[in-house]
Amino acid sequence: MKSFETIANTVYRGYIDNENVLKLFAQKDREKLYDYLKYDYIYLESIDFRQIHFHTPKNHSFLRMHKPERYGDDLTDIRYSVNFVNSFKEPISGLEMGRVVPGFRYVYPLSYNDKHIGSVETSFSVKAFIHKLEEVYDVHTHFLLKKEVFEKKIFDSYRKYYEISIESDKYITLLRNSNEETKKIESMLQKVFRTDLQKKLNDGFKSNKIFGIEIETKNIKPTHKIATFLLLKNIQKQNIGYFVVYQDSQELLQLESEFTKFLLAITLINILLTFVFYKETTKKESFEKEVNLKTQELKELNESLEEKIKKEVEKTRYQEQQLFEIEKMAQMGEMIGNIAHQWRQPLSVISTSASGVKLQQEFGNLNSEKLIEYMDGIVKNTQYLSETIDTFRDFIREEKKLEEIILQDTLKTVIEITHASLKNNFIEVHEEIDYKNPIKIKTISKELSQVLINIFNNARDVIKERKTDNAWIRISLKKTDSIAYITIEDNAGGIPRETISKIFDPYFTTKHQSIGTGLGLHMSRKIVTESLKGKLYAQNSNHGAQFTIELPLN
């Protein structure tokens, strides 16, 4: 939407709002105005512009660039946007139903010699909007229009370009050029909607709110999809339908697989228990033989006790290493997610700046000041991307070694790594860190960073789960002569009293199995106590959970 708005404003300022166009429009010279604009309009159509449409101050159509032969019709009762702009002399934008298709319209007032002479509309089709979303995010999307809106607005001759939606008979959608495979999938989905999911859909539509449903089909790979129904509001802020997004759910597939494995494990355990019970109940060996056997086993155990203890210690170390690897992979997944969050906005800015340069050049409005402005924006965001990937690379490549570091630098890196993920979840980070007086400490920097990121991510997940308003996470750094204290606090309400004593136990988690393994806090305490020679403990503050790390300075 932001990119559409940027292009629309650029076209208005560089293509329409100039002396030649305004003079011809003020003189009501339709033919000369069309001839003056037609070649540029051909180019604009190639970048998904739907139309450019001039209107008189009394809301009558003056010139449609896509249909110059059709003009003079009164748009007062048809186009709210046109009536609004000519009445209040202010621009307006948003989704608006036309007589053919809905479109994203940007309508501007026009004046010549300080006199209001009418308005002009630039617009994009909803198909262009859908195409951009599906191209960028690899999802399937379409618009659902309420049937009464469709019946009231669309000309009869254009209704052949619409069809009943697969979700409900009460909604209409634009026809798509679907291939045979897509049509087959849509047909299957329609059967599921009209049978298994009909009640959920009806309840969702009646709620007049955003809602989502899971779709499970055995004939489509992957078998789990999520359909999200977002409210579709027009330029007057009225609800005219829904914007639907279909996305494959790998999480549900993984959950189903893990559940199947769990059932299989339970079945095997039951079989083993049954076998043992049968063996014990049918055993008829004499008591003397059993005593002799146990005595022999005890003798052998004593003889090999040292070797068995050694093997058990090695086994325990191996299992702990596996736990570290599991947590490391979870951290790596978090890192990839954080990189995606950090890069999305600067990449969007670079794309918009490049499009702006191209459009300004096409319209002959590109001067050195604008070019430098656009290039500065691209260079600035490119440098930001480079600095971001350097930060993540240094975090991932850092070796497990004892070295002297400045604690403030490590905390700053952790805040930078988690910043985008927290910002996208509307979580503010409050820092109580004195960067002017560095605290030096000999420790393993990467493992300390791993513990801090894990605590940050836990706080983020709890805030998301509890939907905390005005969410924040506070990190503070203080020290005495011998100990540095790092405190991380959130305002999500705290840890339940019955579970606070268990949160550092292995495999204990309050999250769903698909989200957490229960290893994070257990491994964090193990790292702090064994590798960093410090302490990690948790308590509840007046706002929420508060984790404290104590690190020796000497």
Side-chain angles (χ1 to χ4, degrees), residues 1-5 7-8 48-51 78-81 92-107 121-179 182-183 185-187 189-190 192-194 197-198 200-202 204-213 215 225-248:
M1 287 296 295
K2 191 67 177 175
S3 66
F4 278 8
E5 181 182 357
I7 295 173
D48 289 332
F49 248 75
R50 177 66 182 173
Q51 60 175 292
I78 300 173
R79 293 285 182 82
Y80 169 84
S81 59
I92 193 173
S93 62
L95 179 66
E96 187 172 32
M97 288 295 301
R99 290 299 196 181
V100 179
V101 292
F104 292 93
R105 309 188 193 282
Y106 301 83
V107 187
E121 167 203 325
T122 63
S123 65
F124 298 86
S125 69
V126 293
K127 286 188 176 180
F129 185 82
I130 289 172
H131 172 71
K132 289 295 182 186
L133 280 177
E134 293 184 344
E135 182 182 66
V136 173
Y137 293 105
D138 191 25
V139 295
H140 171 84
T141 64
H142 59 260
F143 289 84
L144 299 185
L145 298 176
K146 288 183 177 180
K147 204 167 185 179
E148 57 266 28
V149 175
F150 170 79
E151 297 289 348
K152 180 179 179 181
K153 286 285 188 179
I154 304 302
F155 281 129
D156 291 341
S157 57
Y158 289 99
R159 295 187 180 184
K160 61 186 177 182
Y161 299 115
Y162 293 81
E163 62 181 347
I164 298 294
S165 76
I166 63 174
E167 294 85 359
S168 171
D169 291 337
K170 296 179 181 179
Y171 290 86
I172 308 295
T173 188
L174 285 167
L175 281 171
R176 293 172 64 94
N177 296 324
S178 303
N179 56 37
T182 302
K183 289 179 180 178
I185 292 174
E186 289 178 347
S187 176
L189 288 176
Q190 185 173 29
V192 173
F193 280 129
R194 304 300 168 86
L197 300 176
Q198 187 172 22
K200 287 185 178 179
L201 270 176
N202 290 339
F205 288 139
K206 288 178 182 177
S207 71
N208 203 33
K209 297 178 179 178
I210 295 173
F211 69 96
I213 56 176
I215 307 167
K225 290 181 179 291
I226 296 295
T228 306
F229 292 76
L230 306 172
L231 288 176
L232 187 62
K233 295 184 180 294
N234 64 9
I235 203 167
Q236 298 166 259
K237 309 304 180 185
Q238 298 169 335
N239 181 20
I240 61 172
Y242 287 88
F243 173 54
V244 191
V245 181
Y246 288 88
Q247 201 163 18
D248 295 331

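Below, all heavy atoms of this structure are taken into account, side chains as well, without hydrogens, waters or symmetry copies.
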Discussion item. Just to verify, which of Y171, F211, Y246 counts as forming a ring pair (Phe, Tyr, Trp, His ring centres under 6.0 Å) with F229?
Written reply: F211
Fill in: Under the side chain to side chain donor-acceptor pair (under 3.5 Å) test, residues paired with S123 that sit two or more places apart
E121
Practice prompt. Apply salt bridge (Lys or Arg N to Asp or Glu O under 4.0 Å) to E167 and list each qualifying residue two or more places apart in sequence or on a separate chain.
Written response: none
Fill in: By ring-ring contact (aromatic ring centres under 6.0 Å, His included) - contacts of F4 (at least two apart)
F124
Worksheet, complete the sentence: The side chain to side chain contact (heavy atoms under 4.5 Å, CB included) partners of Q198 (sequence neighbours excluded) come to N202
Discussion item. Taking side chain to side chain donor-acceptor pair (under 3.5 Å) as the definition, give me every residue that meets it alongside Q238, ordered by chain and number, with sequence neighbours left out.
Written reply: N234
Fill in: Contacts of type side chain to side chain contact (heavy atoms under 4.5 Å, CB included), residue T228, not counting sequence neighbours
I226, L230
Discussion item. Checking the side chain of Q236 only, and the main-chain atoms of Y80 only, is there a donor and an acceptor separated by less than 3.5 Å?
Written reply: no
Worksheet item: Looking at residues at least two apart in the chain, or sitting in another chain, which of them share a side chain to side chain contact (heavy atoms under 4.5 Å, CB included) with N239?
Response: K146, N208, L231, K233
Discussion item. Between I213 and L201, is the side chain to side chain contact (heavy atoms under 4.5 Å, CB included) condition met? List the steps.
Written reply: CA-CA 8 Å; I213 56 176; L201 270 176; 4.1 Å; yes
Discussion item. Looking at every heavy atom in both S165 and T173, which two are closest together, and how far apart are they?
Written reply: CA-CG2, 4.0 Å
Worksheet, complete the sentence: Those residues at least two apart in sequence (or on a different chain) that pass side chain to side chain contact (heavy atoms under 4.5 Å, CB included) with K209 are S207
Discussion item. Evaluate L95 against I240 for side chain to side chain contact (heavy atoms under 4.5 Å, CB included), listing each step before the verdict.
Written reply: CA-CA 10 Å; L95 179 66; I240 61 172; 4.1 Å; yes
Discussion item. To the closest 0.5 Å, what do you measure between CZ (R105) and OG (S81)?
Written reply: 6.5 Å
Worksheet entry | Interatomic distance, Q247 atom CD to I215 atom CD1 [nearest 0.5 angstrom] | 12.0 Å
Worksheet, complete the sentence: F143 meets the ring-ring contact (aromatic ring centres under 6.0 Å, His included) criterion, sequence neighbours left out, with F243
Worksheet item: Does the pair I164 and K147 meet the rule for a side chain to side chain contact (heavy atoms under 4.5 Å, CB included), with working shown?
Response: CA-CA 9 Å; I164 298 294; K147 204 167 185 179; 4.3 Å; yes
Item to complete: Apply ring-ring contact (aromatic ring centres under 6.0 Å, His included) to F104 and list each qualifying residue two or more places apart in sequence or on a separate chain.
Response: F129
